[in-house]
Structure formats: C-alpha cells, structure tokens
Number of protein chains: 2
Amino acid sequence: MKQHIFLTRRPDAFPAWNTAFPGARRLPYPASGTQLAKPGQAVIWLHVAGDKPDPALLVQEIALAAPGCAIIVLSNVPSDEEGLAVLEAGAVGYTNTLAVPEVLRQIAAVIENGGLWVGPGLLQRLIAAMAANSAQINNSHLDKLSAREKEVALAVAGGASNKEIARRLEISERTVKAHLTAAFERLGVRDRLQLSLLINGSPQTTPNQPKTVH
Amino acid sequence: MKQHIFLTRRPDAFPAWNTAFPGARRLPYPASGTQLAKPGQAVIWLHVAGDKPDPALLVQEIALAAPGCAIIVLSNVPSDEEGLAVLEAGAVGYTNTLAVPEVLRQIAAVIENGGLWVGPGLLQRLIAAMAANSAQINNSHLDKLSAREKEVALAVAGGASNKEIARRLEISERTVKAHLTAAFERLGVRDRLQLSLLINGSPQTTPNQPKTVH
DNA sequence: CCGCAACCTGCCCTTTGGTTCAATGGCGGT
DNA sequence: ACCGCCATTGAACCAAAGGGCAGGTTGCGG
C-alpha cells in the first residue's frame, strides 16, 4: 500500500479521510518547485474548494512536485466541467469531497490497479458525447443519397453556394438545385443549413417534421 | 452481495470467474423473452467472443431478460468501439475476458456501489474527445459579437430561419438581418451557412478571404 | 452635452435558394 | 420494348436571405 497524502487548505476538517486511511499525511498545498513525495511512491488526494486557483493548473503543479504519483481530486462542488478539466490535466480520479470512507478506499483500490476513477454522471456524459461523435463519423445519412446528390450535399455541408458547386462539378446551377431538392426530400430537411447540420453532426439537431412522404 | 451470473457460450472455460466468485452461476445465453433473474437481484457478466451477435444488441436483450440488473461485458477482443457500443446499450462495465480475479472483484465492487467500470484506455479516449468537444463549444468566435448578435448567431447555428428567430426574440425580421449582417462582418464570413460552420466547429472550415476590413 | 456603440425598425432593392412543370437521354433489370 | 432510377437542363416563379439608406431609442464615458 502506497503512502497517502491529503493536500488541503483546511487541515482541520474532513474526518472521513482519516477514517479511510488512518496512516495518511495531511499537508497544505506545497510551494512551487518543492518536492512533495518520492516519485511514484504516493497517492495524492487534492482538495479543491472553489475555482480560485484553477484546479486544472493546480493538478499540473502537483504533478511536478510529485512525479509519477497518482492524483485524485476531491471537489467541494463537483461539476462535469471541472472534472473534465482536472482529468485532462492528468488527475486519475475526481469525486466529491464528501465521499464516504468506503468509496475513498474503493477509489484508491482502482487507482492502484492503474485505473481511472470518474463519477457515474460525468462518465455517462462522456459516453453519450462520444457515441454522438462516432455516430456523426460513419454518418449513415449520406447512404440515402445517390452518388451525385452526395457530392452536392457534401459541398453544401462545406459551406459552398450553388454557383460554386455548379462551377466545381461543371454542371448548371439548375442541376445543383435539382440534386439539392432531392437530397432535402430524402433526408427530411428543409434547407441547406439543416442539411449541413445533419451531415456535420450538429450536437442538437432539431428533428423536423418529416414532411408527408409520398 | 448480489447473485453473480456468467453468461457464456463456452461454459467450460475461464476458471478465473469461479475463483473470483465461487458461488456464481454459469449459464448459456438465454432465449428471447425468458426471465433470467429477479429484477435488480443479480449482476450479469456477459461474455462476448466476436461480433457475431452484435454485443450491443445482446446487452439490450439481456437487459430485458433481467431488468434492473447490472450488466458487465467481458470481451475476448476488447476494442474501444465495442466498449462504447455496449456502454451506450446500457452495460455498466466493459473489460477483457482475461481479467484476473482480483480485478473482477474490483469491478463488482464498483458496480455494486452504483459506479460504471471502463478500462483506462477507453476512458482516456473519452476524456480527450470530450475535451476537444467542449473546446469547440466555448469557441472564442462568439466573444467577438455583441449580446444580441450572439443570440441570433446561435439560433442560426441551430438551423433557425430569420422568421423563426424574429418570433423567438420578439423583434422584427429586419432587425434579425441587421444583427446577422453585423455578425458576418465581424466574423469574416459570407452567409449564415458559413456562420454555422464556424460556430459549430466544422472539421474543415474553408477559411474565406476575410474581406478587406475597413 | 456630445460622441459612440448597441439595439431596433421601415422601405426597397438585388441576389440566392428552393420548387413546380416540364423535357431529354443513359443504363440496368424484367 | 418498357419501366424505374439517375443525371441533366430550361423557364418561370415565389420565398428567403442579405444589404443600402434612413431613421429612431437608450445608455455610457469623456
């Protein structure tokens, strides 16, 4: 079992930590440049209260002061944004300051096995976002279009005007319009802007009324 | 401790599972419509070998057969895509079939505390993707616009027409156009479509000639 | 008070986008 | 040969977008 170190500005509170790890040390934030722990020999629990020192920056500093040590952030007011920021900065865990000892030990166990600990809420958001992301990559909408319609639709999704597309494909502007009208119909959108949102995979696409099919 | 059930097509292998959970049952895949476990009373470990039955669909079926039960997917050939798919489908864990008993117990503990278990590799990818995503949300372009211009710009980026925006903001359509003209000018774009691409953070935005400023 | 920026609007105009009603020709399947 | 799908186009038309000109209000800092 590695050495556990709690970093906090208020060294007098939070008995849950002592309960979870009786042998842990409890320290104030270290000064920049100091050595906090032997490389890789400790687990750092970082308590952040507000956003006065940017939590993400703090994590990066601590990482320098204790190279190779796992850093877990405990936040008084956890938010998905903050969690994302600290994890991006290199933390391996993010949870509420008020977590009960059992959960703290749980997290420690996961971290010591090389895992990352993320709260269910944030994780759900991550998964949803990622799924939406991959959905927009192999975006099946284009399969509904004919070869030529696809070309035109992609050009529109890139921001081109009808005239530009006509020049690029060496067809008349009228034909561009014809392909577009067909594409709108097939994809159930109203105009080129919504076509673009659909193809580019906008976060929140308004699901238009699909217009009576015939 | 809840009942653990292993679902696999090959009921003869994987002694690690028995080691981790000596009292666990081991069953073949259930037929559609059958009741697999009492609602919420079990943890289902689902072993998937290839992608013959789509793992995600399988998860959804199992979820019906054992409502309220946590489902953890064990994959012979884990991949980020597969992990993402099964988590999206409702699984609460995803790991390698070859996980050692200690890790299996670890996962079980996390799941029983209401957590989700995701391998570090996938999690890292999720975080990176999410970070990229949020970066494009608070994109600095909007800061160049006035409060009102920002509102209409966002509406346009969502696919709204001038008429709709006018109604929503309770201003005349002419004013909407005025705000838009100003926004185009400030952001150096030509029309609403390119505005949308800029704000929604299109992958490859054609960086238009910024039109001689004056 | 004056200048300035933001916000709001009407009138009128041009350009672009989108549709309706056509028609022509190729190509593959029945 | 015929049908369906696709690509192409013209003429005409209407709606939407975009912008020039002109004019208002409000609020804020010098």
Side-chain angles (χ1 to χ4, degrees), chain A residues 141-200 202 205-206 208-214, chain B residues 141-200 202 205-206 208-214:
Chain A
H141 302 299
L142 290 172
D143 294 347
K144 297 182 192 148
L145 305 182
S146 75
R148 209 58 165 159
E149 285 159 8
K150 207 178 302 183
E151 285 186 80
V152 176
L154 282 173
V156 163
S161 72
N162 289 347
K163 214 182 296 275
E164 288 168 341
I165 299 171
R167 259 199 302 275
R168 198 183 310 171
L169 301 188
E170 296 187 292
I171 54 181
S172 79
E173 199 178 330
R174 176 65 189 82
T175 309
V176 173
K177 290 181 176 182
H179 288 314
L180 273 182
T181 301
F184 296 157
E185 165 77 17
R186 295 197 188 193
L187 300 182
V189 296
R190 135 151 72 79
D191 53 34
R192 63 201 301 107
L193 182 47
Q194 302 205 333
L195 209 211
S196 154
L197 294 178
L198 194 64
I199 291 180
N200 289 328
S202 151
T205 312
T206 324
N208 273 64
Q209 69 292 352
K211 196 192 257 186
T212 53
V213 200
H214 53 273
Chain B
H141 301 300
L142 290 173
D143 294 346
K144 297 183 192 148
L145 305 182
S146 75
R148 211 56 165 163
E149 286 159 7
K150 208 178 299 182
E151 282 187 82
V152 299
L154 283 173
V156 163
S161 70
N162 290 346
K163 215 184 294 278
E164 289 169 340
I165 299 171
R167 260 201 301 274
R168 198 183 309 170
L169 301 187
E170 296 185 294
I171 55 181
S172 79
E173 200 176 328
R174 180 65 188 86
T175 306
V176 173
K177 291 180 179 179
H179 287 312
L180 274 181
T181 302
F184 296 157
E185 166 76 16
R186 295 199 188 193
L187 299 182
V189 295
R190 142 149 67 79
D191 54 32
R192 62 202 299 108
L193 181 48
Q194 302 205 334
L195 209 210
S196 156
L197 294 177
L198 194 64
I199 291 180
N200 289 326
S202 153
T205 311
T206 324
N208 273 64
Q209 68 294 352
K211 194 191 258 182
T212 53
V213 199
H214 50 278

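Lettering follows sequence order; numbering is per chain, from 1. Below, each value reflects all heavy atoms present in this structure, side chains not excepted, and no hydrogens, waters or symmetry copies.
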Answer yes or no: does a side-chain N or O of [X] lie under 4.0 Å from OP1 or OP2 of [N]?
X      : N      : value
B/N162 : D/dA16 : no
B/S172 : C/dT9  : yes
A/K163 : C/dT16 : yes
A/S146 : D/dC6  : no

Subject >> Nearest heavy-atom neighbours spanning B/L197 and A/S196 >> reply: CD2-OG, 3.7 Å
Original post:
Which pair of non-hydrogen atoms, one from B/R148 and one from B/I171, has the smallest distance, and what is that distance?
Top reply: NH2-CG2, 3.6 Å
[X] [atom1] to [N] [atom2], straight-line distance once rounded to whole Å:
X      : N      : atom1 : atom2 : value
B/F184 : D/dA17 : CZ    : P     : 10 Å
B/K150 : C/dA6  : NZ    : P     : 12 Å
B/K144 : C/dA5  : NZ    : P     : 19 Å
A/K177 : D/dA15 : NZ    : C1'   : 11 Å
B/R190 : C/dT15 : CZ    : P     : 16 Å
B/L193 : D/dG18 : CG    : C1'   : 14 Å
B/L180 : C/dT9  : CG    : C1'   : 15 Å
B/E173 : D/dG19 : CD    : P     : 14 Å

**OP:** Indicate yes or no: at least one non-hydrogen side-chain atom of A/L169 is less than 4.5 angstrom from one of A/V152.
**Re:** yes
Could you measure the distance from the [atom1] atom of [X] to the [atom2] atom of [Y]? Nearest 0.5 Å is fine.
X      : Y      : atom1 : atom2 : result
B/L142 : B/E149 : CG    : CD    : 11.0 Å
B/E185 : B/L187 : CD    : CG    : 9.5 Å
B/L195 : B/R190 : CG    : CZ    : 12.5 Å

Residue [X], side-chain heavy atoms: nucleotide from [options] that is nearest:
X      : options                : value
B/R186 : D/dT8, C/dA6, D/dG18   : C/dA6
B/H179 : C/dC8, C/dA6, D/dT8    : C/dC8
B/R192 : C/dT16, C/dG10, D/dG18 : D/dG18
A/S161 : D/dA17, C/dG17, C/dG18 : C/dG17
A/A178 : D/dT9, C/dT9, D/dG18   : D/dT9

Original post:
Nucleotide by nucleotide, 5' to 3', does protein get under 4.0 Å of the base (B), only the sugar-phosphate (S), or neither (-) in nucleotides 24-29 of chain C, counting heavy atoms?
Top reply: ------
Using a cutoff of under 3.5 Å, can you pull out all pairs of nitrogen or oxygen atoms linking the protein to nucleotides 20-23 of chain C, with atom names and distances?
{"from": "C/dT20", "atom 1": "O4", "to": "A/R174", "atom 2": "NH2", "distance (Å)": "2.7"}
{"from": "C/dC21", "atom 1": "N4", "to": "A/R174", "atom 2": "NH2", "distance (Å)": "3.2"}

**OP:** Could you pull out all residues at least two apart from A/A183 that satisfy side chain to side chain contact (heavy atoms under 4.5 Å, CB included)?
**Re:** A/L145
Original post:
What residues form a salt bridge (Lys or Arg N to Asp or Glu O under 4.0 Å) with B/R168, not counting sequence neighbours?
Top reply: none
Subject >> Inter-axis angle, terminal five-pair segments of the helix from C/dC1-D/dG30 to C/dT30-D/dA1 [nearest 10°] >> reply: 30°
Under 3.5 Å, which donor-acceptor pairs link side chains of residues 154-163 of chain B to any protein atom two or more places apart or in another chain?
{"from": "B/S161", "atom 1": "OG", "to": "B/E164", "atom 2": "N", "distance (Å)": "3.3"}
{"from": "B/N162", "atom 1": "OD1", "to": "B/R192", "atom 2": "NH1", "distance (Å)": "3.0"}
{"from": "B/N162", "atom 1": "OD1", "to": "B/R192", "atom 2": "NH2", "distance (Å)": "3.2"}

Original post:
How would you label the contact of B/A147 with the nucleic acid (heavy atoms, under 4.0 Å): base, sugar-phosphate, or nothing?
Top reply: sugar-phosphate
What's touching nucleotides 23-28 of chain D from the protein side, N or O pairs under 3.5 Å?
none

Subject >> Residue whose nearest DNA chain C nucleotide is more 5′ - B/E149 or A/D191 >> reply: B/E149
Original post:
Is there any side chain to side chain donor-acceptor pair (under 3.5 Å) pair reaching into residues 171-184 of chain B, and which pairs are they, with sequence neighbours excluded?
Top reply: B/S172-B/T175
